[in-house]
Visitor: 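Sending over a structure as structure tokens; questions will come in a sec.
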Amino acid sequence: MQLSEQELVRREKLVKLRELGIDPYPANLYPVTYYSKQIKDRYAEGKEVVIAGRLMSRRIQGKASFAELQDAEGRIQVYFNRDEICTGEDKTKYNEVYKKLLDIGDIIGIKGALFKTQVGEITVMVKDFDVLTKALRPLPLPKTDKDGNVYDEFNDPELRYRQRYADLIVNPRVKDTFVKRTKITNVIRDFYNAMGFLEVETPILQPIPGGAAARPFITHHNTLDMPLYLRIANELYLKRLIVGGFDGVYEFSKDFRNEGMDRTHNPEFTVMEMYAAYKDYNWMMDVTERLLEKIALELHGTTKVQFGEHLIDYKAPYQRIGILDAIKEHTGYDLYQKSEDEIREICKKLELEVDETMGIGKMIDEIFGEKCEPHYVQPTFIIDYPVEMSPLTKKHRSKEGLTERFELMVNGKELANAYSELNDPIDQRERFEEQLKLSEKGDDEAMFIDQDFLRALEYGMPPTSGIGIGIDRLTMFMTNNESIQEVLFFPQMKPEQKTPSVALNDEEKAVLAVIQKEEKIDLNTLKSQSGLSNKKWDKTIKHLTKNNLAKVNKTEKGLFVELVD
RNA sequence: UGAGGUAUAACUCAGCUGGUAGAGUACUGUGCUUUUAACACGGGAGUCUUGGGUUCGAUUCCCAAUGCCUCAACCA
């Protein structure tokens, strides 16, 4: 392993700490009494505190020094004064341990008392400190001036995602995003729990990947010797629970889809699905807009949230518009009760790419996605989807050919998808069979038939409304992040390249063999014998000399290559 | 999958028409007891992403590969 100069220096300091009898990785607990934020919020002159955290900056001025300690809550300034720390004759702890052997990034514990500096900053006067963990690798270190400008920000996305731990240490905004993410899920839990709903867990490994249209990941169970799929949705399992007599269930479901990755898609992502018995999609819209309003308020104290260039207002209620009305409004075409061929014609007029495998559902989806979706920036419920694109949704109570379904659009993207759930087992079987036909036509995302789910429906599922909310997307919207990688701690990445081996390649071995035979050989002779190009020769001989296998001697007679003794 | 962009010190980035690379921060040495992007004066630190090619000579030009980014495509 090749260590940089700074890493070597830190390893030397580690040795010196041990020589001074200081364990750089002590086992005992450290009796922390305060966080940095509490100190600032509840300041009292002279109050004694014990704090711990990471050393993030130092301003050394001879016998005294200011530094910043970062803990889970933020940063606090600490003041190291030689004579406060070393009250006797021996000044080693300040001069050596603090000044020479500590580095930025080290984790230390401090016992001290509060005071305010001449400039008025709340500061901890260090009375004693302990090394809690020596950091061997230097941190990327952004600096912020008093106007809030950040210099040398750690901003290479590749490094930030691969080394999220470092990202979290040096970029406070990143940490804040993830705190908000958890706050969002907590608000949702509180909201549904207050309604008496039950949080549940259902299988991630499923024999039939159902509840959505997507390509699944497949794995294999050895004992049962059968394929299993990572779930693409949990919908059908939650409905089984409604059949079983739970009136309200929800689950934060990690779902997996074997599809493309970009700044809004990750192979694993989180959807919150909720099902409530004896409700319909109108009720679900009322509840959902209240929920989103509450989330915005809890996070930001206002219903208005900035996302990119848009200020989104989550204040309920939201506009509700039929998908066919939306299409009519933005394209001028009325698709209601049009045949598959008529719609295909319209798609061609709209210059959309369609092919014979696409049914009515897919084509309408295409038109809406291309022509309408981007217009819905403020929260809008798009409702009443055609039956062909909604195989799990109850038929509309009054509009022929439509279903009781809505999608919530925000920032031109789908944030939630919900229905009055189809609970007629015969209708459901027919819809699955329709899907089977689509699949035979070549639609590789059409749904499988889940016989056990149909059996459950035959026992009778009460009228139910269900919803799925994309938690990653919701977090993006609520934290003003345009990429899903920013709201996932560890987004999926291609594997890091392996470091090249130091073993000799064939050319190097061949050249070395010649040298071994001749013991000492003229450089130019060797070069022409090797038959290598200039560049290749250069690389080869440098590699050999660098690894101390051969050396080049310059004499009056010319350059000679010989073995290293 | 396609089209662009990019890869140089631990971090952020310069580097002209080919001649072994610089700055700020960080590190290191000296000084400095209320500073705050601390300061002052020194110092050292690099497989110029990888592999080929052209050339006397390539970080630079050419070819290819790889990672990352952007935009398309795909995506309930």
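To find a chain, count down the sequence lines: A is the first, B the second, and so on, and within it residues start at 1.
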Visitor: Write down the distance between CG (A:Asp152) and C1' (B:A23), rounded to a whole number of angstrom.
Guide: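 The distance from CG of A:Asp152 to C1' of B:A23 comes to 11 Å, rounded to the nearest Å.
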
Visitor: Report all interatomic pairs (protein N or O, nucleotide N or O of nucleotides 39-42 of chain B) with separations under 3.5 Å.
Guide:
none

Visitor: Send over the distance from A:Arg54 CZ to B:A26 C1', rounded to a whole Å.
Guide: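 After rounding, the gap between these two atoms is 16 Å.
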
Visitor: Of all of residues 260-270 of chain A, which get a heavy atom below 4.0 angstrom from RNA chain B, listed by number?
Guide: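 Per residue number, the list reads A:Asp262, A:Arg263, A:His265.
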
Visitor: Please state how far atom CD1 in A:Ile469 lies from atom C1' in B:A76, giving the value in whole angstrom units.
Guide: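 Checked: the CD1 to C1' distance equals 15 Å.
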
Visitor: Roughly, in whole Å, what's the span from CG in A:Leu159 to P in B:C69?
Guide: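 Going from CG in A:Leu159 over to P in B:C69 covers 11 Å.
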
Visitor: Sequence neighbours left out, what passes salt bridge (Lys or Arg N to Asp or Glu O under 4.0 Å) with A:Lys348? Give chain and number order.
Guide: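 For A:Lys348 there are no salt bridge (Lys or Arg N to Asp or Glu O under 4.0 Å) partners, ignoring immediate neighbours.
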
Visitor: Between the base of B:U35 and the side chain of A:Gln77, is there a donor-acceptor distance below 3.5 Å?
Guide: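 Yes, a donor-acceptor pair under 3.5 Å.
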
Visitor: Taking side chain to side chain contact (heavy atoms under 4.5 Å, CB included) as the definition, give me every residue that meets it alongside A:Gln428, ordered by chain and number, with sequence neighbours left out.
Guide: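 Partners of A:Gln428 under the side chain to side chain contact (heavy atoms under 4.5 Å, CB included) test: A:Leu392, A:Leu422, A:Arg431, A:Phe432, A:Phe453, A:Leu454, A:Leu457.
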
Visitor: Tell me whether the count of non-hydrogen atoms from other residues, nucleotides or ligands lying under 6.0 Å of CD in A:Glu482 goes above 12.
Guide: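 Result for CD/A:Glu482: enclosed.
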
Visitor: By the side-chain hydrogen bond (donor to acceptor under 3.5 Å, both in side chains) test, which pairs, at least two apart or in different chains, include something from residues 116-125 of chain A?
Guide: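 Every side-chain hydrogen bond (donor to acceptor under 3.5 Å, both in side chains) pair that includes a residue of residues 116-125 of chain A, provided the two are not neighbours, is A:Gln77-A:Thr123.
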
Visitor: Protein within reach of the bases, or only the backbone? For nucleotides 3-10 of chain B, mark each nucleotide 5' to 3' as B, S or -, using heavy atoms under 4.0 Å.
Guide: -------B

Visitor: Sequence neighbours excluded, which residues qualify as side chain to side chain contact (heavy atoms under 4.5 Å, CB included) partners of A:Leu350?
Guide: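 Here the qualifying residues are A:Thr331, A:Tyr333, A:Ile346, A:Leu352, A:Ile367, A:Lys371.
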
Visitor: Any salt bridge between A:Lys37 and A:Asp71, counting N to O under 4.0 Å?
Guide: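 Looking at A:Lys37 and A:Asp71, the cut-off is not met.
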
Visitor: Who does B:G2 pair with, Watson-Crick or G-U, both distances under 3.5 Å?
Guide: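 Partner of B:G2: B:C71.
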
Visitor: By side chain to side chain contact (heavy atoms under 4.5 Å, CB included), which residues pair with A:Asp83, not counting sequence neighbours?
Guide: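 Counting only residues at least two positions away or on another chain, A:Asp83 forms a side chain to side chain contact (heavy atoms under 4.5 Å, CB included) with A:Asn81, A:Lys91.
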
Visitor: In whole Å, what is the span from the CZ atom of A:Arg10 to the C1' atom of B:C27?
Guide: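 So the two atoms are 9 Å apart, to the nearest Å.
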
Visitor: Name all residues meeting the side chain to side chain contact (heavy atoms under 4.5 Å, CB included) criterion together with A:Pro379; count only those two or more places apart in sequence or in a different chain, and write none if there are none.
Guide: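 Result, side chain to side chain contact (heavy atoms under 4.5 Å, CB included) vs A:Pro379: A:Ile312, A:Tyr314, A:Tyr318, A:Leu408, A:Val410.
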
Visitor: Between A:Lys143 (NZ) and B:A37 (P), how many Å, whole number?
Guide: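 Between P of B:A37 and NZ of A:Lys143: 9 Å.
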
Visitor: If the condition is side-chain hydrogen bond (donor to acceptor under 3.5 Å, both in side chains), which residues does A:Glu366 pass it with, not counting sequence neighbours?
Guide: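 Not a single residue meets the side-chain hydrogen bond (donor to acceptor under 3.5 Å, both in side chains) criterion with A:Glu366.
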
Visitor: Enumerate the ring pair (Phe, Tyr, Trp, His ring centres under 6.0 Å) contacts for residues 250-274 of chain A, please, sequence neighbours excluded, ordered by first and then second residue.
Guide: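 Sorted pair list: A:Tyr192-A:Tyr250.
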
Visitor: Going by the salt bridge (charged side-chain N to carboxylate O under 4.0 Å, His left out) test, which pairs reach into residues 404-418 of chain A, not counting sequence neighbours?
Guide: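 As it turns out, the salt bridge (charged side-chain N to carboxylate O under 4.0 Å, His left out) pairs with a partner in residues 404-418 of chain A, which skip direct neighbours, are A:Arg397-A:Glu404, A:Arg405-A:Glu407.
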
